[in-house]
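As the structure is a prediction and not an experimental result, all values here were calculated from the model.
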Amino acid sequence: SFTEEVADGVEGEEMIMELELKTLGPLFEFSKDRKVNEIKVCTDEELMKALTLSHSLLKVSSLLETRLKVRNSSGFNKPLTSTRPLRESIKTVTQFGLKMAKFCRLDMLFQNVVRLAKVCKSSTLVARDAVRIPSSVNDLGEYLTGASDNLREAAGNAVTAYTLSSLEQYIPFCLMQTVRVVAEGKGIIHKAPLTMNGIEALDRSGSVLYRDLKGATAFDNSFWDVELAALSFERSASFMAMMELEMEELVAYYNANQTDFPESDFMLMFGMTGPRRQGDVGRFHMINRRDKKHSKKKS
């Protein structure tokens, strides 16, 4: 498949995520309650049973595959030619083990989504008296820590590592989705204005979740990617930071960093009324028209 052929490293992981979002994208529309409410997740016990089944199927198929090989005169293991039907059956067992592992990874992703979808409705975003972390963020941190311990005990490190994989991309993405909802004036912002305390609460939420996820994946054979996590969480933090800028600061940031985010995101930010600015999307269009004129003159 294409996802197996893309480049390794950060670039490859981001390409894979883009492909996954073509299917999963609607689940991240946090402003649409119906879509989020339709997500069904496993109980802790159900997820443990599913992951244990995946681990057992993969282990059995691997052991059987090994038993069907003989060492030839050159010292290499060679599959027995007379066992093709049995090897096909083992392949089927392996496929079911992999499918169950993919199911567990999706459920873990959904566990994160249903919790982080609540952040845009949290009163902490409009708090004036203090900076408080949204309860759903603390809940997710505790869940990740407990799930990592329980799943590794039940099914080992390998399938647990796969189950927790890519969260260093999806958690920052969820935080950015929250910012988009806020910038559109939806969620709790529909009832009360965003405050500087609220922006700081979002920023701290990113730091808390980075710490908790890093702790939950601190085991042998983990898929935790330090470079990918740093890039994803830093991008999320930069996106949040735009909410607290004055209009002239936002203009300066846009002029210097136009390639950091899609044009649609910058348009959202210019149209957003925040603690230190009044939204003015016309300013964004004016800058773009000016830039296009300059480009034509140069050409």
Side-chain angles (χ1 to χ4, degrees), residues 28-33 36-37 111-148 167-218 229-253 260-261 265-266 268-280:
F28 295 90
E29 296 177 4
F30 294 166
S31 60
K32 298 179 180 179
D33 289 341
V36 176
N37 292 337
Q111 297 279 1
N112 282 259
V113 170
V114 295
R115 288 168 170 82
L116 292 179
K118 299 174 183 177
V119 175
C120 62
K121 302 170 190 173
S122 171
S123 61
T124 60
L125 302 186
V126 297
R128 295 185 177 277
D129 58 332
V131 177
R132 290 186 291 272
I133 303 296
S135 59
S136 55
V137 170
N138 289 324
D139 175 49
L140 177 57
E142 292 173 5
Y143 174 79
L144 289 171
T145 301
S148 175
L167 292 182
E168 65 265 45
Q169 291 174 278
Y170 278 104
I171 287 177
F173 180 75
C174 286
L175 293 174
M176 291 178 69
Q177 287 296 89
T178 297
V179 173
R180 293 182 178 106
V181 172
V182 171
E184 291 172 351
K186 298 177 181 178
I188 191 69
I189 307 304
H190 183 66
K191 300 178 181 178
L194 177 69
T195 64
M196 292 296 288
N197 285 339
I199 297 173
E200 178 64 21
L202 270 179
D203 184 61
R204 290 189 190 179
S205 294
S207 300
V208 166
L209 290 170
Y210 177 91
R211 178 200 67 201
D212 291 341
L213 178 60
K214 184 178 181 181
T217 54
L231 176 69
S232 302
F233 277 92
E234 285 173 9
R235 179 190 293 141
S236 173
S238 297
F239 196 50
M240 293 176 195
M242 281 196 285
M243 294 192 294
E244 66 183 40
L245 300 179
E246 296 178 0
M247 182 55 75
E248 295 307 318
E249 292 173 328
L250 181 59
V251 170
Y253 180 87
D260 284 7
F261 302 101
D265 281 340
F266 279 115
L268 257 183
M269 283 299 167
F270 274 86
M272 170 194 151
T273 295
R276 301 173 64 197
R277 71 172 180 266
Q278 181 67 35
D280 183 5

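Note that OG of S205 is 9.5 Å distant from CD of E200, once rounded to the nearest 0.5 Å. Rounding to the nearest 0.5 angstrom, the gap separating the OG atom in S236 from the CE atom in M240 is 3.5 Å. Here the CG-CD distance, from L231 to E168, works out to 11.0 Å after rounding to the nearest 0.5 Å. In this structure, K186 NZ and K121 NZ are separated by 12.0 Å, a value rounded to the nearest 0.5 Å. For the atom pair R235 CZ and D260 CG, the distance stands at 9.0 Å (nearest 0.5 Å). In this structure, the separation between CZ on R115 and OH on Y143 is 6.0 Å, given to the nearest 0.5 Å.
Between P275 and L194 the shortest side-chain heavy-atom distance falls below 4.5 Å. In this structure the side chain of M242 never reaches within 4.5 angstrom of the side chain of M272, judged on heavy atoms. In this structure, L245 and Y253 have side chains that are in contact, with non-hydrogen atoms separated by less than 4.5 Å. Looking at heavy atoms from C-beta onward, L167 lies in side-chain contact with L144 at the 4.5 angstrom threshold. At a threshold of 4.5 Å between non-hydrogen side-chain atoms, the residues I171 and N112 count as touching. Between S238 and M176 there is no side-chain heavy-atom pair separated by less than 4.5 Å. Between L209 and L116, the closest side-chain pair of non-hydrogen atoms falls below 4.5 Å.
When all heavy atoms are compared, the tightest approach of V181 to G187 is CG1-N, 4.0 Å. Nearest heavy atom pair, residue I133 against residue A201, reads CD1-O, 4.0 Å. In plain terms, the two heavy atoms of F30 and C174 that are nearest each other are CE1-O, 3.4 Å. Taking all atoms of both residues into account, the shortest heavy-atom contact from Q177 to E29 is NE2-N, 4.5 Å. Of all the heavy atoms in E246 and R276, the pair that sits closest is OE2-NH2, 3.1 Å. The minimum heavy-atom distance linking M243 with V179 is given by the pair SD-CG1, 3.8 Å.
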Open item on the list: Test side-chain contact (heavy atoms from CB on, under 4.5 Å) on T145 and E142; report intermediate values, then the result.
Closed with: CA-CA 5 Å; T145 301; E142 292 173 5; 5.9 Å; no
| Residues M247, Q278; criterion side-chain contact (heavy atoms from CB on, under 4.5 Å); working and verdict | CA-CA 7 Å; M247 182 55 75; Q278 181 67 35; over 6 Å; no
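Proximity of a side-chain donor or acceptor of T195 to a complementary backbone N or O of A127 within less than 3.5 Å is detected.
Tested against S136, the residues V114, T124, V119 include a single side-chain contact (heavy atoms from CB on, under 4.5 Å) partner, V119.
By the side-chain hydrogen bond (donor to acceptor under 3.5 Å, both in side chains) test, D265 is found to be paired with R180, residues two or more places apart in sequence or in another chain being considered.
Between F261 and F239, the ring planes lie tilted relative to each other; the angle falls in the 30° to 60° range.
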